[in-house]
Amino acid sequence: MLFIVISLIEVDYLTQLFTTIASLRNYLNVQKSKQPSGQLSVGLVPTMGALHLGHLSLIDCAKTENACVVVSIFVNPLQFSASEDFNKYPRTLNHDLKTCKNAGVDAIFAPEPLEMGLGEIGNSKTTQVMPPPEMTDILCGRTRVGHFQGVATIVTKLLNAVQPDRAYFGNKDGQQLAIIRQLVADLKFPVEVIGCPTIRESSGLAYSSRNQYLSPSDLVLAAHIHQGLLQAKQQFFLRDELDDPSPILEAAHNYLANLPEINLEYIELVDAKTLQPCTQIKSALELMLAIAARIGNTRLIDNILLSHTTTPRKAIVAIDGPAGAGKSTVSKQVANKLGLLYLDTGAMYRTVTLAVLREGIDLRDQDKVQAIASESKIQLFANPIAGKSMQVLLNGEDVTTEIRTPEVTANVSVIAAQSAVREILVKQQQRIGQTGGVVMEGRDIGTHVFPDAEVKIFLTASSEERAKRRQGDLIAQGQVAPDLTTLAQEIQERDHRDSTRDHAPLIQAKDATLVNTDGLTIEEVVTAIVNLYEQKVQNL
Ligand code: PAF
């Protein structure tokens, strides 16, 4: 009896809570009859509660496309296996009701299991929906046996109960989304399935109800899962039609191998629609790079979509300037703060310089240098360990330290001045940055590599200040450090060579913001750039 009494509770005059299908349908019919046209577009956002910003973005999408938005809140026992956290799954109904009210949700549908044709802890007797096994038995389905059948069954029940025009799901649950699209197509549901972008914390960590199980240090660690995906994305844009995709996966594996506390369950590249493994890059396909990993007992999933087709580009931050102005430290921190990919293009020129020095050929022999540059396989990985340089591989060998020796430093500008070398490396940089979302540091990013970068910074400092910093870096790396006068002189000579070379000289782009770092802390510089990015990106 109590059940009937609470079947309709007024949360406020906008958001109403329903626990029965009949009362929800009655409400929707009344709303429809109030419309002059007798039509009411309904958007359903299915959730298991514990609402976070990811859900709010689904609600926002639904609100822009429908006259009436229904959020369902139901912790579905069918999608938890016996060993999973069904009882521990966060249940925060009061908080969820407030969140929905503030977000302008029209109706909440929060049924009891019985109303959904299930017993308290699931009911094996309910009719089950079985999506194609090729889609359910891979990726997460390997360890979460029966999970996607449980999702498909409850989503079918919810679509039948609410009968929405559109249903909204997050791209973050990429396998779930693909299975639901297939289900809706196969069973001819008259509903449009909308996949919405993954919402991330500023660290890059995707919002998830499970994040609340993570300690502050786990949260820092968890952000590296997305960084691993970004490393792989960088490799994706270096691959061509019909290429073997394994270096893409290798890039993520190599990055995460530095972080043993992240217990990788899988990382796979699949066709985002069919979920079948990708064995060859095909530009017509949208690919999904999907990952599942555990930190302690918490299982996290994430994915990114990869496609060579032209999608609107995300913002690019170009940070140019002379050596020793603090570009690397600042760029890395800006990238971390904004959740963007970081690319040190100077490291690429250093790597070619090292390859040339190792061959013992004349550095000015442009043909030979060009041949070495085009044959060298350079891989860059943002190093997950704070304060460390970007990890650099030359033909698979780790040369992170070797490319910073005084010998490479003294010769890099001769190599970087050669137009053939620049062309090869600039093409790679443009491919890595073609979908944006990257902080790229170098000497010609804002003028040459990405002249249309949304945010351009010219970072500089006096030669005295830069000499002091360079000396400190060399000492910290355990190398012999020349005196300050010698270092300042070397720096001025290098500035001169860089700014007078014929091809892509080091100059401040007309639309770049000049930042002189003399007397500023790194934090102050980073904050200034992050603020500038936020202003510019907001005004795009
Ligand atoms: O993504 C979720 O929260 C659930 O899997 C869903 C779609 C609400 C089905 O229970």
Tell me, please, which residues at least two apart from [X] pass ring-ring contact (aromatic ring centres under 6.0 Å, His included).
{"X": "His226", "answer": "none"}
{"X": "Phe237", "answer": "His308"}
{"X": "Tyr89", "answer": "Phe80"}

For this session: Would you give the length of the straight line joining atom NE2 of His147 to atom CZ of Arg142, rounded to the nearest 0.5 angstrom?
Result: 14.5 Å
For this session: Rounded to the nearest 0.5 Å, what's the gap from CG on Leu300 to CG on Leu221? Could you check?
Result: 9.5 Å
For this session: Sequence neighbours left out, what passes side chain to side chain donor-acceptor pair (under 3.5 Å) with Asn395? Give chain and number order.
Result: none
Exercise. What pairs with Thr460 under side chain to side chain donor-acceptor pair (under 3.5 Å), at least two apart in sequence or on another chain?
Worked result: none
Problem set entry | Test salt bridge (Lys or Arg N to Asp or Glu O under 4.0 Å) applied to Asp502 and Arg422, step by step | CA-CA 12 Å; Asp502 292 339; Arg422 294 204 83 85; over 6 Å; no
Exercise. Side chains of Asp344 and Ser331: closer than 4.5 Å at any heavy-atom pair?
Worked result: no
For this session: Check salt bridge (Lys or Arg N to Asp or Glu O under 4.0 Å) between Glu375 and all other residues, then give those that pass, not counting sequence neighbours.
Result: none
Exercise. Which is it for Asp398 and Val392 under the side chain to side chain contact (heavy atoms under 4.5 Å, CB included) test, yes or no, and what are the steps along the way?
Worked result: CA-CA 6 Å; Asp398 190 333; Val392 184; 5.7 Å; no
Problem set entry | Option passing side-chain hydrogen bond (donor to acceptor under 3.5 Å, both in side chains) with Thr517 (candidates Arg469, Arg466, Glu465) | Arg469
Problem set entry | His224 side chain to Tyr255 side chain, donor-acceptor N/O pair below 3.5 angstrom | yes
Problem set entry | Distance-only side-chain donor-acceptor flag, Ser413 / Arg501, under 3.5 Å | no
Exercise. So does Asn297 have more than 12 non-hydrogen atoms from other groups sitting under 6.0 Å from CG?
Worked result: no
